[in-house]
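Below, all heavy atoms of this structure are taken into account, side chains as well, without hydrogens, waters or symmetry copies.
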Amino acid sequence: MTIELRHYQKDAVDKTMEYFQQHKGQNGLIMLPTGSGKTYVIADIIRRAREKYNVKVLVISHVKEILEQNHKSLSSYLDERVSLNSAGLGRRERGDVSVAGIQSIYRSPNMWQEHKLIIVDEAHLISTEEDTMYQKFLSSIGKHVCIGLTATGFRLGTGYIYGRTKLFERAVCDWSSSENFERLVKEGYLAPLTTKRTQLEMDTSDIKLVGGDFNEKQMSDKFNRSAVTEAAIKEILAAGRNRKKWLIFAIDVSHAEHIAETLIRSGIKTAPVHSRMQDAGFCRDKTIEGFKDGKYQCVVNVNILTTGFDEPGIDLIAMLRPTKSPVLHVQSLGRGSRTSDGKNNCLVLDFAGNTQRLGPINDPLVLEKGKGKGDGDPITKDCPKCLSILAPAVRVCPDCGHEFK
């Protein structure tokens, strides 16, 4: 199958092939926004690397949905067999081109020493700690080149994941930058996000930090209350009148269940998605399919429908989960950046204050380890006319046309 690449996808592939020549043996990072089609880029890198170097390729991820999607797509795009190695999916194969779950292969690096090109999808999930699955595997398979792909080239607490002392020594290309992101929106490849100031604002000033992010139990104790939930739902119902698919981010399981119950009482077909739903007799895969098929208008999730979740029709996101993690912030908002027929934009109701705290999706606040707390110039401003939350450099509000003095 011939791949018709968009200009930025071709740019990413071309720069990767140049990278192989100019920086031999060095690992590189490709940054592409959520919804921009990373799988096409992976497929064409594999095709060209196989043709030029006849190298065996291993594509790794840790999310079941991503493994299934990559295997299915690469099998369609490449003119050769693509093997799948995942205990969770019932396949333990190995071939010249393989897609594998890191959980299934990290204990057997010797089996993969012939695969000299390693591609890691969602590379921001690779921890800097040595005693982790990715680090153990990559340090034990011998000489290789690793290319990572992600929409978020940084991690909470450690900053950017590429640089001279990092696993990925250089950035191959960055289409997630502020300027490039805006270009892809203008060209129609990404849906614009419209982030609005809400009447309810979740005050986190008294919430302690654990591992750099807000204490989950303290947040739940403070915000999982009827008055808070009902006030948020009231705003969501008013703003979502003409929106078709809603995605809500909650703090924990109890909070998600509470939000879902309140929405159901308000007449909105809603399902919670969390790690304990199977204990109550609900199937996660069927629930997600029901959301995609229109059985549910809204899903309320806890740390699940972020990385790897693909539903282009999402046109309203409500953030009821405060965070200090730029990765969680950008990945969550990225669920609304895919384009879809009849979708003009995705409305973001940020009750959690994450946008004011961390910045817009295309210009997040990333703190390098040991380089201060980031206090200084404001990272957002409000439009006085329509209450959209915007980057400081914006001169004309994209949502209402207000001109800043």
Review point. Are R335 and D310 ion-paired here, with the side-chain N under 4.0 Å from a carboxylate O?
Key: no
Exercise for review: Kindly assign one of parallel, tilted or perpendicular to the pair F20 and Y53, based on the angle between their ring planes and the thresholds 30° and 60°.
Suggested key: perpendicular
Point to revise | Note: K38-E122 ion pair, threshold 4.0 Å (strictly below) | key: yes
Check your understanding: Does the side chain of T355 come under 3.5 Å of the side chain of D350 through a donor N or O and an acceptor N or O?
Key -> yes
Check your understanding: Are N224 and H258 linked by a side-chain donor-acceptor pair shorter than 3.5 Å?
Key -> yes
Check your understanding: If we ignore angles and hydrogens, is there a donor and acceptor under 3.5 Å between the side chains of E230 and T262?
Key -> no
Review point. Do we see a donor-acceptor contact under 3.5 Å between the side chains of S340 and R338?
Key: no
Exercise for review: To the nearest 0.5 angstrom, please state how far the SG atom of C173 sits from the CG atom of D11.
Suggested key: 5.5 Å
Check your understanding: Is there a donor-acceptor contact under 3.5 Å linking the side chains of R155 and H124?
Key -> no
Review point. With a 4.5 Å heavy-atom cut-off, do I30 and I45 have their side chains touching?
Key: yes
**Study point:** Aromatic plane relationship, Y77 with Y40 - under 30° parallel, 30 to 60° tilted, over 60° perpendicular
**Key:** parallel
Practice item. Inspect the contact between R284 and E65 and indicate whether a charged nitrogen and a carboxylate oxygen are less than 4.0 angstrom apart. Key: yes
Practice item. Please report the C-alpha distance between D399 and S388 in whole Å, then the side-chain angles of each, then the deciding distance to 0.1 Å, and finally whether the side-chain hydrogen bond (donor to acceptor under 3.5 Å, both in side chains) criterion is met. Key: CA-CA 7 Å; D399 301 323; S388 285; 2.5 Å; yes
Review point. Is there a ring pair (Phe, Tyr, Trp, His ring centres under 6.0 Å) between Y189 and H7 once you walk through the steps?
Key: CA-CA 11 Å; Y189 296 119; H7 69 85; 5.8 Å; yes
Check your understanding: Side chains of D315 and W246: is there a donor and an acceptor less than 3.5 Å apart?
Key -> no
Review point. Out of curiosity, Q69 CD to S61 OG, how far, rounded to the nearest 0.5 Å?
Key: 9.5 Å
Exercise for review: Look at the side chain of S220 and the backbone N and O of K217, then say whether any donor-acceptor pair between them is shorter than 3.5 Å.
Suggested key: no
Check your understanding: Do K381 and F404 meet the cation-pi criteria used here (NZ or CZ under 6.0 Å from the six-membered ring centre, within 45° of the axis)?
Key -> yes
Practice item. Test side-chain contact (heavy atoms from CB on, under 4.5 Å) on F351 and F223 and set out the steps. Key: CA-CA 11 Å; F351 300 98; F223 301 124; over 6 Å; no
Check your understanding: Got a salt bridge between K10 and D44, using NZ or NE/NH1/NH2 to carboxylate O under 4.0 Å?
Key -> no
Check your understanding: Should the pair K166 and Y160 be classed as cation-pi, given the thresholds of under 6.0 Å to the six-membered ring centre and 45° from the axis?
Key -> no
Point to revise | Donor + acceptor pair across side chains of S176, D174 (<3.5 Å) | key: yes
Point to revise | Check: D213/T323 side-chain N/O donor and acceptor closer than 3.5 Å | key: yes
Review point. With no hydrogens and no angle check, do the side chains of N180 and R183 hold a donor and an acceptor under 3.5 Å apart?
Key: no
